[in-house]
Structure formats: C-alpha cells, structure tokens
Amino acid sequence: MDLEVKGIAASPTSQAQPFSGRKKLLQQGQTSKSWAIQNPRLPVVPPLDLQSLIDSDEEDDFSHIPLSTAHFHFNPPNSSSAVSCITPCQVSRTQLNENEPEQDITPENLPAPTSKYKLKYQQYETEMKEGYKQYSQRNAEKTKSNIMQQSPKNKIDDKCVQGEEAIIDTLTTLDRKALLQQGYAEIPYNAQRSTRRSDAEIVAAERKKQTVAEQVMTDHLSRIRTHSTLTENMLSHKVQFDGRIISRNGRDACRELIGFFFIHDQSLTIYEYRQFGKNRTNVLPFIQKNIYSHQCGRRKGKQYQLGDFYVGGNLTFLSSDHPRLPESIKENKLLILRITNIDQIALYSLKTDSVEHEDDITSQEANDRLVLEAVQDVLKEQLLKRGVRILTGLGKYLKQLDKEGTGLLDKAAVKRALQEFHLQVSEDALESAWQVLEGDAGGKADYGEFTRAVIGEMNEYRKSFVRKAFMKLDFNKTGCVPLTDIRKCYCAKKHPQVISGHSTEEEIKLSFLETLKGACSKSDEVSYGEFEDYYEGLSIGIVNDEDFVNIVRTPWGI
C-alpha cells in the first residue's frame with residue numbers, strides 16, 4: 001500500500017528520507033487508519049487528533065492555545081487510499097462539513113470504568129479532601145498564633161496602654177523554661193487510673209471526717225453534766241467544713257483542719273487531724289467551741305453566721321485569744337483560716353430552715369470584689385507568659401522592702417514594687433484596691449494579702465494538689481525542702497518532649513530546678529511559700545483545672 005504525504009511517496013520496503021518526530025507519528029496514524037478501512041470486520045480505532053503536528057523543525061506556539069478554542073479535524077481517506085493531512089489554514093470551515101455544525105469528536109462505545117478504578121478514584125478523592133482539611137487547619141492555627149503574638153493587649157485601660165508601649169514584653173530564657181512545665185498537660189488523660197485514685201482518696205477523706213466527728217461529739221457531750229437526747233440532737237444540727245491556715249510557713253499551711261458550725265447557738269469549733277504512719281491518727285482541738293466574730297474587713301465585729309461559710313471564705317481570729325496555738329502562728333496578730341471544702345448537703349438543708357437578712361455590707365462586699373476583679377483582669381494579660389518569673393520575684397522583692405518583718409507595707413512601697421516588675425495599674429484602680437485592703441493598719445496593708453487580691457489566686461482545688469506535692473517532699477514537716485530532695489523526687493520521664501526524643505530527662509529537670517531557684521531566698525532549699533508562688537505563676541496560663549492538676553501530679557507522682 002502506497003502512502004502519500006504532501007507529495008512524498010514511500011513504500012514499506014524502501015528506505016525513506018528521515019522525518020521529524022511529528023511526521024513519523026503522523027505517518028503511523030494515517031497508515032493505521034487506511035489499514036482499518038481495508039479490514040472492516042475489525043473494530044475501528046478512533047482517529048487521533050493530529051492538528052498540532054505541523055511540518056516545521058522549530059517549536060510551535062500551539063501548546064499555549066486553550067483547549068476550549070482548539071479544534072482538530074481529520075480528513076477520511078479517499079477511494080485511492082491516498083491520505084491528505086490539511087491544516088485549518090488550508091481548508092475553510094465550510095469545506096470540511098457544510099451540513100453539520102462544528103462539534104468536538106467524542107469516541108463512542110467506550111467501555112465503562114471498572115470497579116477497581118472507581119475504588120482508586122474514591123480513595124484518591126478522600127485522601128485529597130483529608131489532606132486539604134489538615135492543611136487548612138494548620139494554616140488557621142498558625143495564623144491565629146501569629147495574631148495572638150503580634151496583637152496588642154486591648155483589655156488594658158487607656159492609662160495602662162500608654163505605659164505598656166514603653167515595655168519590651170519579650171520572654172526571657174527563664175520564662176521559656178518555666179513554660180516547659182505546661183507540656184505535662186498534653187499527656188493523655190488516664191480515666192481508669194484517675195478514677196481508682198479518686199475513689200481511694202474519697203474513702204480516706206470520709207474515714208478522716210468520721211473520726212473527727214465522733215471525737216467532737218464525745219468531747220462536747222462529756223463536758224455537759226446532763227446528757228440527754230435533746231442535747232445530742234442540738235449538736236447534730238451543724239455544718240462541717242475543711243480549712244487551711246493562710247501562711248507562708250509550710251508547716252502551718254499544710255495542717256489539716258476540720259471545723260464545725262452549730263446552728264442552735266451560732267458557735268463554732270475547729271480540730272486538727274494528724275496522721276502518724278498508715279494506721280495511727282490523732283484529733284486535737286485547735287479552736288475551742290465558742291461564739292466568735294470577724295476580726296477584719298467590712299464585717300469586723302459582727303458575729304459569724306451561716307452565710308459566712310462557703311468554699312473560699314475566710315475566718316479570722318485573734319491569736320492572743322487562743323494560747324494553745326503553735327508559736328509560729330502566735331507570731332502574727334491575726335489567724336486567718338480559708339474554707340477549702342464544705343458539706344454542701346448539710347449547708348443547703350440548714351439554709352432552707354434558717355432565715356438571714358442581707359444587709360448593706362453584702363452589697364459593699366460585692367462592689368469590693370468587682371474592684372479587685374477589674375485589677376486582676378488587667379494584670380492577668382501582663383502575667384500570662386511571665387507569671388512564674390514575676391510572681392516569684394515580686395514575693396522576694398516585697399519581703400526585702402519589709403525591713404521590720406511585720407508583713408505590712410505602705411502604698412508607695414507596693415506601687416514601687418509593681419513598677420519594678422512592669423505591672424501597669426492605673427492610679428484610680430490602685431487607689432480603689434488599696435482602700436479595700438488597707439484596713440486599720442495605719443496607712444499600711446498586708447502585702448501578701450494585697451498580692452493575692454490584685455493578682456488573684458489558684459482555686460482551692462488546685463492548691464490542694466500543690467500542698468500534696470509539698471507534703472510528699474517535706475516528710476519531716478519542717479516547712480522547707482532541700483533542693484537535693486527535690487532533684488531526687490522530680491521525674492521527667494513522662495514529659496512529652498522526653499517521650500518524643502526532643503529533650504532528655506536531665507534537660508527537663510534542670511529547666512525546672514533553674515526556674516524554681518529564682519523563687520528561693522536561700523540557694524539550697526525551698527520553702528512552702530516559694531513553692532506555692534512558683535505554681536501560682538504557672539497556674540495563670542492554664543485554663544482547665546485538670547490540665548493544671550496533670551502538671552502537678554505527673555512529675556511528683558501524687
């Protein structure tokens with residue numbers, strides 16, 4: 001069969017002149033078409049679109065033409081088996097097909113795609129969607145992080161903003177090392193183990209309370225000459241609560257106190273629970289049963305009522321009225337107890353039966369709380385990433401200003417301390433907070449109470465785990481722990497960076513010890529107050545209680 005392309009004839013057996021790659025492909029396509037016409041029984045192969053195969057040795061510009069505007073045309077062979085390849089510039093559109101409109105040629109009778117390829121396409125589509133979703137999430141998180149880092153603090157009032165512009169709010173090396181402790185919050189929550197531990201703690205607490213309650217009933221009934229059922233019923237109408245001493249002394253701060261408020265005579269009593277080893281316990285009176293009144297604050301001189309008992313409430317006593325108190329407690333004029341837990345069922349039942357009228361003091365106390373919360377909101381933004389370094393340093397600095405060791409400072413000294421650590425508070429806010437906390441100290445205030453009030457505190461749930469960790473370290477009950485003991489007990493094996501291999505246990509341990517030393521007034525030991533300050537600063541950046549508990553519980557194994 002002869003093949004004629006643009007006047008060049010060649011036979012299958014003859015040696016043809018060399019063609020370009022496009023001409024060879026064109027020749028093969030025309031030959032296959034002619035052969036298929038001569039064998040009608042075989043299926044006709046759909047024609048190739050070969051318009052772009054132009055007879056030129058130079059590169060054509062066809063590749064950039066959009067597919068929607070490109071049209072390929074192929075002339076069928078004539079009766080003499082001679083095939084002509086004609087470009088669109090040589091034949092007009094009417095000559096190609098005068099009767100039918102121009103349309104793209106689509107092959108017919110194509111086989112349907114098999115289930116194998118359908119499955120592959122579905123898998124590919126799913127992978128693409130999932131990959132794009134993850135990519136979008138990563139970009140969104142990165143964008144949010146950049147905005148949080150670059151955006152100004154917009155919750156500070158106008159006067160604070162002016163001072164904030166002068167502060168270079170960069171994290172120091174100690175800040176970054178302190179923030180490594182937050183990695184423990186990423187450890188998966190072990191619900192089963194936590195449930196077993198919580199159940200054991202609940203059982204132990206119930207046994208302790210039952211022991212104390214029995215001791216209290218025995219003591220009071222033994223002091224009454226005429227024992228009767230009526231007297232026992234009167235003593236049973238009480239609300240039970242747990243308390244702790246607000247003190248920088250670790251030995252006193254970790255005392256386990258259990259109190260009772262009796263409805264029939266508005267009296268209260270407090271006992272101390274002591275445990276020696278695993279089985280030996282002791283219950284001793286701490287505050288004798290009597291009727292007491294507030295010793296400071298808006299309610300100074302007013303008798304304690306049922307409404308004064310709630311979690312977070314303070315009870316104040318004159319140390320001189322209780323000669324049996326430990327000497328470390330009698331050093332201070334006031335004994336301040338914080339209610340950490342209370343029998344909510346009994347409290348609700350007793351509140352339903354009793355009627356207490358609210359007075360003007362209640363609204364004044366509510367206004368005081370609003371004043372302090374406003375200052376806390378301002379300072380929280382400034383302490384979010386620098387809490388550990390600032391709180392630990394601020395405590396040491398205030399103690400150095402207190403030359404007399406009374407625990408009291410004037411407003412000028414406290415203001416200077418805030419400025420020293422770049423904590424911006426407006427004059428009006430500082431004055432309002434000072435009026436709330438000044439009391440009757442002759443122009444001075446308890447700087448420990450002032451710090452807790454304007455910066456805020458961990459809730460009692462978080463503080464309970466900090467005390468547990470310190471009590472595990474301070475097994476001699478001295479109130480101070482040597483740094484060598486802390487180094488031995490601290491375990492970084494479960495830190496996420498250690499698990500992933502990015503850091504070693506020793507590196508995480510050294511970062512913790514280095515930041516903790518910043519809180520210490522002595523180079524070789526840590527007091528309870530300093531230990532609490534460290535976790536107080538770390539707590540500011542932790543929103544969820546369970547995350548914070550994980551941070552404390554994991555390295556100390558409590």
Side-chain angles (χ1 to χ4, degrees), residues 178-185 187 194 197-198 201 204-205 242-257 311-312 314 336-341 383 387-396 448-449 451-453 455-483 485-492 494-495 509 511-513 515-521 525-558:
L179 292 174
L180 285 176
Q181 296 298 305
Q182 296 184 4
Y184 288 111
I187 298 175
S194 179
R197 184 177 294 170
S198 298
E201 291 175 352
D242 297 339
R244 65 178 179 87
I245 302 173
I246 296 181
S247 172
R248 301 285 293 179
N249 186 307
R251 188 169 186 177
D252 295 332
C254 293
R255 293 180 185 271
E256 297 185 72
L257 304 179
V311 175
N314 288 344
I336 306 177
L337 302 183
R338 173 71 53 82
I339 298 175
T340 60
N341 193 18
L383 291 167
V388 172
R389 175 169 55 90
I390 291 180
L391 274 184
T392 55
L394 184 62
K396 291 171 61 177
E449 183 182 356
T451 303
R452 290 190 296 269
I455 292 180
E457 286 187 271
M458 292 183 287
N459 57 42
E460 293 302 320
Y461 178 70
R462 297 189 182 195
K463 280 184 182 276
S464 66
F465 283 91
V466 175
R467 291 200 305 275
K468 285 179 183 178
F470 190 83
M471 291 169 67
K472 181 178 180 179
L473 296 169
D474 186 22
F475 48 84
N476 290 326
K477 310 299 180 185
T478 61
C480 293
V481 180
L483 281 173
D485 292 347
I486 291 181
R487 184 184 182 92
K488 292 177 183 177
C489 295
Y490 184 88
C491 178
K494 295 183 179 180
H495 194 281
K509 182 182 293 186
S511 68
F512 169 75
L513 292 174
T515 52
L516 184 62
K517 284 180 181 178
C520 303
S521 56
E525 67 179 16
V526 182
S527 68
Y528 171 77
E530 294 164 345
F531 189 81
E532 187 182 56
D533 284 346
Y534 176 89
Y535 281 103
E536 191 81 65
L538 195 63
S539 174
I540 295 175
I542 309 298
V543 178
N544 187 275
D545 284 345
E546 294 303 328
D547 287 342
F548 179 82
V549 169
N550 225 17
I551 291 172
V552 180
R553 173 182 282 168
T554 305
W556 301 117
I558 59 175

Give the C-alpha distance, both sets of side-chain angles, the deciding distance and a yes or no for side-chain contact (heavy atoms from CB on, under 4.5 Å) between Arg244 and Glu256. CA-CA 7 Å; Arg244 65 178 179 87; Glu256 297 185 72; over 6 Å; no

For the atom pair CG (Asp242) and CG (Asn341), what is the distance rounded to the nearest 0.5 Å? 5.0 Å

Can you check whether Gly529's main-chain N or O pairs, donor with acceptor, with Glu532's side chain at less than 3.5 Å? no

Are Asn314 and Ile246 close enough that some pair of their side-chain heavy atoms sits under 4.5 Å apart? yes

Heavy-atom side-chain contact between Tyr461 and Val549 under 4.5 Å: yes

Partners of Phe548 by ring pair (Phe, Tyr, Trp, His ring centres under 6.0 Å), sequence neighbours excluded? none

Would the Trp556 and Tyr535 ring centres measure less than 6.0 Å apart? no

What heavy-atom pair brings Phe531 and Val526 nearest, and what distance separates the two atoms? N-CG1, 3.9 Å

Taking all non-hydrogen atoms of both residues into account, name the closest pair between Cys491 and Tyr184 and its distance. O-OH, 3.6 Å

With Arg462, which residues qualify under salt bridge (Lys or Arg N to Asp or Glu O under 4.0 Å), at least two apart? Asp545

His495 side chain to Leu180 main-chain N or O, any donor-acceptor pair under 3.5 Å? yes

Hey, would you say the Phe470 and Phe465 ring centroids sit under 6.0 Å apart? no

Do the side chain of Arg251 and the main chain of Gly479 share a donor and acceptor less than 3.5 angstrom apart? no

Salt bridge Lys472-Asp485, side-chain N to carboxylate O under 4.0 Å: no

Distance only, no hydrogens: is a donor on one side chain within 3.5 Å (strictly under) of an acceptor on the other, for Tyr534 and Gln181? no

Lys/Arg-Asp/Glu bridge criterion (N-O < 4.0 Å) met for Arg338, Glu457: yes

Give, for atom SG of Cys480 and atom CG of Leu473, the distance between the pair rounded to the nearest 0.5 Å. 12.0 Å

Rounded to the nearest 0.5 Å, what separates atom CG in Leu538 from atom OG1 in Thr392? 11.0 Å

So, using salt bridge (Lys or Arg N to Asp or Glu O under 4.0 Å) as the criterion, who are the partners of Glu536 when residues are at least two apart? Lys463

Can you list the steps and then say if Ile245 with Ile336 is a side-chain contact (heavy atoms from CB on, under 4.5 Å)? CA-CA 6 Å; Ile245 302 173; Ile336 306 177; over 6 Å; no

How would you list, by chain and number, every residue that makes a salt bridge (Lys or Arg N to Asp or Glu O under 4.0 Å) with Asp252, sequence neighbours excluded? Arg255

When rounded to the nearest 0.5 angstrom, what is the spacing between CD1 in Ile542 and CE in Met458? 11.5 Å

Roughly how far apart are Leu383 CG and Ile540 CD1, rounded to 0.5 Å? 4.5 Å

Closest heavy-atom pair and its distance - Ala469, Ile558: N-CD1, 3.9 Å

Which value, rounded to the nearest 0.5 Å, describes the distance between Lys517 atom NZ and Leu483 atom CG? 6.0 Å

Check whether more than 12 heavy atoms from other residues, nucleotides or ligands sit under 6.0 Å from atom NZ of Lys468, and answer yes or no. yes

For Thr478, what residues pass the side-chain hydrogen bond (donor to acceptor under 3.5 Å, both in side chains) criterion, not counting sequence neighbours? Asp474

Taking all atoms of both residues into account, what is the closest heavy-atom pair of Arg248 and Asp533, and its distance? NH2-OD2, 2.9 Å

Lys396 with Glu530: basic N within carboxylate O range, under 4.0 Å: no

Can you sort out the partners of Arg487 under salt bridge (Lys or Arg N to Asp or Glu O under 4.0 Å), two or more places apart, ordered by chain and number? Glu506

Taking atom CZ of Arg452 as the centre, does the number of heavy atoms from other residues, nucleotides or ligands within less than 6.0 Å exceed 12? yes

